[in-house]
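Quick notes on the structure that follows.
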Amino acid sequence: MMGYRAFLLTVFTLLILVALRFITEAEPIGFITPQFVTFVMFYVALGLAFNIFIGMTGYVDFGYVAFMALGSYAMASAINRASSLSLPGYGAIILGLVETIVLTFILALIVGGIALRLRGAYFAIATISVNEGLRFLVDGLDIWGGSAGIYVSGPLIRLVGHEAYSFIALIVSDLLLYATAFIALIITFVYLNSRIGYALKAIREDEDAAKVMGVNTTFYKVLAFSTSGILGGLIGASWALKLAAVYPPEAFNIFYTVEAIVIVMLGGAGTFLGPIVGGAVYGGLKYVLSGYIPGYQLLIFAPILIAIIVMVPQGVIGFLRERSERLREFIA
């Protein structure tokens, strides 16, 4: 079981990050700016959401970005329809969040019910196909504007005005992202400390043995898949409020999935603190290197990540937990 001390310390740490977001609004502290904090929190939230599925079940979902894309499109679509529905600006945002949850849940049930019958590389290939299929569906059938994209900033400005738009793009979107991270954190804690966590761990270790022991593997896999997908959609919906428009190539960019995998593996798959550490390290390094050596950051960034993953294949938290009895007791 995950210790309450670790949970409370993690919540306290994330609250400090949120506080830094507003403290540095007036005066940055070195390279720590509101943009830096939000950038890091984006990857922390992504790691926490993705870890609920890949970390707890051991299944690798290469199509995870499809959930983020659906969230972005749901938010953009709600904002564009708000005027015809006579909704105020914040009403459009609430509608976008509701549509995000509904769409991602439906996608998770459909894909999970079919693809989760597969395992290993077959499941990974199937999820890639889902992501690419959705991208070409949106593009080819001109859904949500097709290849031309669907605008966010223009309709939102017409809906609420320039001043309110700035507040939504800079503050509201950040708060929604932070809230998603906290929700993912709480869900992770609850899952790890309940029969859900034990069932998912059993599936990760030996799915066939779990079935023999009476674990409803399909139910728990779909539960983890749906939870992770909905959280990914909320991340996409929150981030869409910062965008001028949502386009298929960017929305369905598989690089986001690759980043999520790196974050989880870097921190420690299936652990509570792993995706937080992985997201903070990955997001912080990416932000700093992109700022100081723009265009060349990957030349330094990639070898650093490869070295860390090769040296500590069980992730930073897994490595520390093996080496430190005190940390093991603290986490447990």
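None of these values were measured; they are calculated from a predicted model.
If you check the side chains of Thr100 and Tyr73, you find no donor sitting under 3.5 Å from an acceptor.
Classification of Glu25 and Arg21 as a salt-bridged pair holds, one side-chain N sitting under 4.0 Å from a carboxylate O. The pair Glu99-Arg81 meets the salt-bridge criterion, with a side-chain N (NZ, NE, NH1 or NH2) lying under 4.0 Å from an Asp/Glu carboxylate O. The pair Arg119-Asp208 meets the salt-bridge criterion, since a charged nitrogen lies less than 4.0 angstrom from a carboxylate oxygen.
Checked against side chain to side chain contact (heavy atoms under 4.5 Å, CB included), Val40 has the following partners two or more places apart in sequence or in another chain: Phe36, Val44, Ala280.
Using bins of under 30°, 30° to 60° and over 60° for the plane-to-plane angle, the ring pair Tyr59/Phe123 lands in the perpendicular bin.
Of all heavy-atom pairs spanning Thr257 and Gly63, the tightest one is OG1-C, 4.3 Å. The two residues Ser238 and Ser173 have their closest heavy-atom pair at O-CB, 3.4 Å. Across all their heavy atoms, Thr127 and Phe62 have their closest contact at OG1-N, 3.1 Å.
Side chain of Thr271 to backbone of Gly268: a donor-acceptor contact under 3.5 angstrom is found. The backbone N or O of His162 lies less than 3.5 Å from a partner atom in the side chain of Ser166, making a donor-acceptor pair.
Evaluated for a side-chain contact (heavy atoms from CB on, under 4.5 Å) with Leu223, the options Ile52, Asn216, Ile196 yield exactly one hit, Ile196. Test Phe50, Tyr287, Tyr282, Trp239 against Tyr43 for ring pair (Phe, Tyr, Trp, His ring centres under 6.0 Å) and you get one pass: Tyr282.
Ring to ring, Phe67 and Phe225 are close: their centroids are under 6.0 angstrom apart.
More than 12 heavy atoms of other residues, nucleotides or ligands shown are found within 6.0 angstrom of CZ on Phe42.
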